[in-house]
Number of protein chains: 2
Amino acid sequence: MRRLTASFWFRTLANSVISVIIVYKNCVCRGVCHGTGVRMKLMAVTLAKIAELAGVSRGTVDRALNNRGRVDPQVAERIKKIAKEHDYQPNRAGKALALAKNPIKIGVILQSASTAFMRLVLEGIDYACESLGEHGAQVLVRTIDGIDAEQELRLIDELLELGIGGLAIAPVNDPQIHDKLTRVTARIPVVTFNSDMPGCGRMCFVGQDTTASGRCCAGLMNMLLGGKGKVLVITGHPSNLSHMCRSEGFMEEIRTAFPGIELLPLEKCYDRDEIAHEIVCDTLRSHTDLSGIFVSANGQVGVCRALGELGMDDRVRVICYDITPQNVENVKNGAIDFLIGQDSFAQGTRPAQILYDYLFTGAKPKKELLLTAIEIKTRYNL
Amino acid sequence: MRRLTASFWFRTLANSVISVIIVYKNCVCRGVCHGTGVRMKLMAVTLAKIAELAGVSRGTVDRALNNRGRVDPQVAERIKKIAKEHDYQPNRAGKALALAKNPIKIGVILQSASTAFMRLVLEGIDYACESLGEHGAQVLVRTIDGIDAEQELRLIDELLELGIGGLAIAPVNDPQIHDKLTRVTARIPVVTFNSDMPGCGRMCFVGQDTTASGRCCAGLMNMLLGGKGKVLVITGHPSNLSHMCRSEGFMEEIRTAFPGIELLPLEKCYDRDEIAHEIVCDTLRSHTDLSGIFVSANGQVGVCRALGELGMDDRVRVICYDITPQNVENVKNGAIDFLIGQDSFAQGTRPAQILYDYLFTGAKPKKELLLTAIEIKTRYNL
DNA sequence: TTGAAAGCGGTACCAT
DNA sequence: ATGGTACCGCTTTCAA
């Protein structure tokens with residue numbers, strides 16, 4: 001056990017007396033001291049303290065630790081060593097306050113913003129605006145209704161001109177955007193969310209593992225059907241990779257793990273309720289023994305309506321996505337058996353937070369793919 | 001639409017030019033401005049600004065807004081009016097920094113700290129220590145192995161002497177503790193977590209709705225069994241209210257909603273794996289057609305081991321609690337079908353955060369019962 | 001290359 | 001009852 005060079009005010013359980021004791025390094029994790037029955041955040045070392053120890057001014061320490069240049073390499077070395085020994089962590093409040101003059105600016109661009117799902121994501125984004133706003137950052141949000149690469153390109157430029165230090169983007173799947181982002185990532189950190197864009201140099205992606213979530217639904221469908229029956233899979237638009245991956249994951253898992261279940265040919269509803277409605281009606285005409293429907297995209301409402309009209313809502317099991325008010329309603333009234341969530345709130349908050357942390361402290365996320373939880377909801381836990 | 005008295009620097013999408021425009025109150029929500037395609041945190045008003053507008057000093061404004069007395073009632077009134085008009089919100093960074101001299105102290109007491117589940121809660125508590133520590137607060141944590149009312153009483157006193165401004169506690173279910181907390185809540189805010197103690201004056205409770213989670217499991221069991229079969233329910237210790245409520249909720253829901261399922265008499269394993277193991281072996285001897293087991297307490301490992309030894313793990317469906325490493329392992333190898341989580345991390349972080357918010361800004365939680373999510377996990381989404 | 005000093009937004013203490 | 005001021009920890013600018 002190595003001693004820390006500093007000691008801390010600390011209270012021991014045994015004698016119940018405040019006393020200065022030595023804290024050993026091996027029981028300190030992320031700044032929290034773990035003792036028997038006792039854990040607390042340790043006293044923090046400040047810039048001024050380090051300056052004092054190094055015999056220089058605060059300004060010099062600041063320049064050294066933040067590699068701002070204009071400091072003797074030897075001195076810088078010494079300062080860094082001292083900072084490390086004392087596990088110096090800049091005080092967030094102090095830093096945030098000082099940054100109030102010219103706040104860190106973070107851009108957020110969201111496409112398809114008017115869909116029910118993205119409205120949930122926007123709640124998370126608003127929360128990030130608010131909370132990061134209180135911590136010396138400014139979050140600039142731009143939304144696009146629908147999918148429009150041209151407009152997204154314009155918004156990227158607009159935000160860059162405003163001087164953002166980082167960009168969070170739900171990218172339109174388009175080569176132009178890919179090109180653009182490749183150039184942007186050379187200058188500032190970029191986090192993709194909701195849908196990824198690998199190979200453009202983004203720092204990380206926040207969103208769901210779509211294939212895994214499709215497989216998860218296959219497992220649930222198997223349970224619902226007791227291992228046998230006919231299942232209809234409805235997906236959205238062939239160009240929407242997320243939706244396609246969900247249905248692929250679902251079908252793949254059914255085929256390999258649950259051979260007792262028969263898959264009808266994949267149908268596409270192009271995210272339209274009316275088309276989904278029609279597909280369900282048509283299918284039930286030719287397959288009166290249909291036992292399950294998996295909807296990987298939008299169109300859930302149309303599916304439920306069709307089943308309701310045909311009086312089949314308790315004979316046909318339904319699994320679909322997104323914890324929107326309409327879907328919640330349909331789970332509660334029994335039309336939907338399982339509803340799958342993808343932690344929309346986290347998809348809204350995390351990207352901005354990640355960029356903030358990176359720009360504020362230099363800390364990168366531990367993983368490149370930050371997969372949001374696959375939330376399983378029934379009428380009992382919504 | 002009422003105009004705000006202030007206007008803000010703002011960028012319009014249409015002309016792409018930075019300009020001063022009027023922001024209307026009805027599009028401002030929690031300090032975030034919602035415009036067409038644009039949302040951002042608004043410029044904040046400071047104490048100094050208000051002092052200037054009111055023609056007084058910052059000190060006076062501070063005293064007036066925080067009701068510290070020593071200020072002319074008329075002047076105080078005027079200051080408050082101005083603050084309200086400008087939607088003054090104290091800057092968190094500034095406040096946190098000023099508080100660094102004598103930080104807000106928050107006490108946390110956790111019982112049964114060495115159980116696998118509580119270890120997960122402790123991760124959340126550590127996170128709170130760390131993050132609140134960076135925001136001008138100090139979190140003092142005390143843990144108890146097992147359940148010991150006497151020790152908990154001592155720890156409450158210890159923390160009170162240390163000058164905590166709020167207490168988060170997982171209370172031992174004991175009249176002494178109830179008495180003690182009733183006295184504590186008269187002085188400082190108290191948040192209970194994991195297990196509640198109604199009637200002691202606590203500000204709120206953070207934890208699961210145990211009955212609802214039991215019902216949720218009933219719904220899942222019904223799906224697993226396709227509406228029929230014999231089910232064994234194993235609970236822990238009769239004195240543990242949470243575990244009893246889970247089994248009650250489960251059995252109640254099965255009886256009322258799923259009459260096709262037969263419930264065997266409730267068994268108790270006193271949270272011991274060996275006893276759970278024996279119960280399973282015994283039951284399978286007299287009921288070879290057993291189709292499901294619901295474990296509402298600890299003992300899950302014993303159950304899985306018994307089923308494995310008897311080669312019944314894929315004939316008998318198992319639902320149990322807590323996302324511990326051992327249970328995760330058993331879900332992955334197929335011994336457990338559904339694992340139910342109760343957001344242990346939130347149970348660790350939220351109580352301290354709630355107390356911090358209250359002591360820092362005066363904001364109380366919106367609800368008295370903050371129920372953590374009922375998380376449904378299968379081998380596909382762990 | 002280095003230091004000194006002026007903030008950032010609050011709080012607290014001391015004069016008046 | 002009120003104003004002035006030092007200070008919390010860090011950044012930034014300006015002198016030296």
Side-chain angles (χ1 to χ4, degrees), chain A residues 41 43-79 83 86-104 133-138 165 359-362, chain B residues 31 41 43-80 83 86-104 133-138 165 359-362:
Chain A
K41 177 89 181 163
M43 187 188 78
V45 185
T46 70
L47 263 194
K49 185 73 187 166
I50 293 186
E52 190 193 320
L53 290 168
V56 295
S57 74
R58 290 190 299 165
T60 306
V61 176
D62 175 55
R63 269 168 280 147
L65 294 183
N66 295 292
N67 303 309
R68 299 190 213 280
R70 297 181 305 147
V71 52
D72 185 305
Q74 303 239 335
V75 178
E77 199 55 40
R78 188 157 47 93
I79 291 173
H86 292 261
D87 189 32
Y88 169 73
Q89 300 281 85
N91 177 299
R92 293 182 91 97
K95 191 162 183 165
L97 199 49
L99 250 46
K101 290 176 196 172
N102 55 337
I104 291 174
E134 288 170 334
H135 294 299
Q138 197 175 17
L359 296 169
F360 196 83
T361 69
Chain B
K41 175 89 181 163
M43 187 187 78
V45 185
T46 70
L47 263 194
K49 185 72 186 165
I50 292 186
E52 190 193 319
L53 291 168
V56 293
S57 73
R58 287 194 299 162
T60 305
V61 175
D62 175 53
R63 268 168 282 148
L65 295 183
N66 294 291
N67 303 309
R68 298 191 216 279
R70 294 181 305 146
V71 53
D72 185 305
Q74 303 238 337
V75 178
E77 199 54 40
R78 187 158 46 94
I79 292 174
K80 286 182 179 178
H86 292 259
D87 190 31
Y88 169 72
Q89 301 280 88
N91 177 299
R92 292 181 90 98
K95 191 161 184 165
L97 199 47
L99 251 45
K101 291 176 194 172
N102 53 337
I104 291 173
E134 287 170 335
H135 293 301
Q138 197 177 18
L359 296 169
F360 197 83
T361 69

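Numbers restart at 1 for each chain; the letters A, B, ... are given by sequence-line order, proteins then strands.
In this structure, the nucleotide among dT2(C), dG10(C), dC8(C) sitting nearest to the side chain of Asn91(B) is dG10(C). Here dA4(C) is the nucleotide among dA4(C), dG10(C), dT1(C) with the atom lying nearest to any side-chain atom of Ser57(A).
To the nearest 0.5 Å, the span separating NE2 on His135(A) from NE2 on His135(B) amounts to 4.5 Å. Interatomic distance, NE2 of His86(A) versus CG of Leu53(A), reported as 5.0 Å (0.5 Å rounding). Note that NZ of Lys95(B) is 7.5 Å distant from CD1 of Ile104(B), once rounded to the nearest 0.5 Å.
Atom-to-atom, CG of Leu47(B) to C1' of dG7(C) comes out at 16 Å; the value is rounded to the nearest Å. With rounding to whole Å, His135(B) atom NE2 is found 16 Å from dG10(C) atom P. Following rounding to the nearest Å, Leu97(A) (CG) and dG10(C) (P) show an atom-to-atom distance of 9 Å.
Between the side chain of Asn66(A) and the backbone N or O of Arg68(A) there is no donor-acceptor pair closer than 3.5 Å. The backbone N or O of Ala54(B) lies less than 3.5 Å from a partner atom in the side chain of Arg78(B), making a donor-acceptor pair. Here the side chain of Asn91(B) pairs a donor or acceptor atom with the backbone of Ala93(B) at under 3.5 angstrom.
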Provide a list of protein-nucleic acid N or O atom pairs under 3.5 angstrom, restricted to nucleotides 12-16 of chain C.
none

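A search for ring pair (Phe, Tyr, Trp, His ring centres under 6.0 Å) contacts involving Phe360(A) returns Tyr356(A), not counting sequence neighbours.
Within 6.0 Å of atom NZ in Lys49(B), 12 or fewer heavy atoms from other residues, nucleotides or ligands are found, so the atom counts as exposed in its surroundings.
Where DNA chain D meets chain B (any atom under 4.0 Å from a heavy atom), the bounding nucleotides read 5' to 3' are dA1(D) to dG9(D).
Residue contacts shown for Phe360(A) are absent, as no nucleic acid heavy atom lies under 4.0 Å away.
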